[in-house]
Amino acid sequence: MSHNHSFHLVDYSPWPLTGSLGTMSLTLGMVNWFHSSNMILLLLGVNITLLTMYQWWRDISREGTFQGLHTFKVSKGLRYGMILFIVSEVLFFFSFFWSFFHSSLSPAIELGALWPPMNISPFNAFQIPLLNTAILLSSGISITWAHHSLIMNNHSQTVKSLMLTISLGIYFSILQGYEYLEAPFTIADSIYGSTFFMATGFHGIHVIIGTLFLLVCWIRLSNFNFSASHHFGFEAAAWYWHFVDVVWLFLYISIYWWGS
């Protein structure tokens, strides 16, 4: 169908509906798992969500790469949308930092007027947390290297540096999982445990999402879907990854170092 404007009028798609059903099943399944140790609904939700992600990303990649629907005006709108999304994510994490500083700067009498509260053994900020900081800072360098290489039309270096970034993201998630397994306190241990696991846990989820984002970009890059002048999918992933890096620096300085 031809049209005389440069905007993208999207076709009817089932993926918003299946995505909603998948995330609802995922949420209800997780609650059911917590209360009755039944993982059937949880696994169903995970599968529906993953299949929706794959097919929705496939359609968007096809629209932007082969159908030519991501014109200059559309790309500009996508940029504004990604910027607003990251701003909303900043405010999301701001709420966790507000909660943490509200509780830590003036600890309640129920906490013994101490921070960390009595009987809480915080993590050593100079062990795994410091290593994870070095990993994320290194990944910020490698994603910048990948972006620069893409702009310079150096396909080989772009693929290698992007894979390095993905590997560092996976390494970070493994270390954080190990840290959680070895934690001397739980999310139920006063406001300290709640703020710690909510803030670092949601950041960990964002790292996993960012790693998947970059992995999709790596697959598209390997199939030569990006060029030096047309690669907003990669650029959005890089912006998101830098946001994840900056949030971790604030988490490390405030919760791991100052808060311990």
message: Assess the residue pair His203 and Phe96 against the criterion (side chain to side chain contact (heavy atoms under 4.5 Å, CB included)); give the C-alpha distance rounded to whole Å, side-chain angles, the decisive distance to 0.1 Å, and a yes or no.
response: CA-CA 11 Å; His203 177 268; Phe96 295 130; over 6 Å; no

Next item on the list: Report the C-alpha distance between Leu221 and Leu150 in whole Å, list the side-chain angles of each, state the deciding distance to 0.1 Å, and finish with yes or no for side chain to side chain contact (heavy atoms under 4.5 Å, CB included).
Entry: CA-CA 9 Å; Leu221 191 66; Leu150 180 57; 4.0 Å; yes

task = For the pair Phe100 and Phe196, evaluate ring pair (Phe, Tyr, Trp, His ring centres under 6.0 Å) and give the outcome as yes or no after the intermediate values.
result = CA-CA 8 Å; Phe100 172 78; Phe196 176 86; 9.3 Å; no

_Derivation of the ring pair (Phe, Tyr, Trp, His ring centres under 6.0 Å) call for His147 and Phe234_ = CA-CA 8 Å; His147 195 186; Phe234 175 86; 5.6 Å; yes

Check against side chain to side chain contact (heavy atoms under 4.5 Å, CB included), Phe213 and Ile208: CA-CA 9 Å; Phe213 201 171; Ile208 293 171; over 6 Å; no

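Side chains of Phe243 and His206 form a contact here, defined as non-hydrogen atoms less than 4.5 Å apart. At least one side-chain heavy atom of Leu26 sits less than 4.5 Å from a side-chain heavy atom of Leu42. Under the 4.5 Å side-chain criterion, counting only non-hydrogen atoms from C-beta, Ser139 is not in contact with Phe172. Contact of the Glu179 side chain with the Gln127 side chain is not registered, since no non-hydrogen atoms from C-beta on lie closer than 4.5 Å. Within the 4.5 Å cutoff, the side chain of Thr211 has heavy atoms near those of the Ile170 side chain. A 4.5 Å side-chain heavy-atom check between Lys160 and Ser156 finds at least one atom pair inside the cut-off.
Between Thr133 and the choices Trp248, Tyr252, Tyr256, the side-chain hydrogen bond (donor to acceptor under 3.5 Å, both in side chains) rule is met once, by Trp248.
Other residues, nucleotides and ligands contribute over 12 non-hydrogen atoms within 6.0 Å of the CZ atom of Phe97. When the shell of 6.0 Å around CH2 of Trp239 is examined, it contains more than 12 heavy atoms from other residues, nucleotides or ligands. Other residues, nucleotides and ligands contribute more than 12 heavy atoms inside 6.0 Å of the CG atom of Leu84. Taking a 6.0 Å sphere around OH of Tyr54, one finds it holds 12 or fewer heavy atoms contributed by other residues, nucleotides or ligands.
Using modelled atom types, one finds a donor on one side chain and an acceptor on the other under 3.5 Å when comparing Gln157 with Trp145.
Separation of atoms CG (Leu249) and CG (Leu137) is listed at 5.0 Å; rounding is to 0.5 Å.
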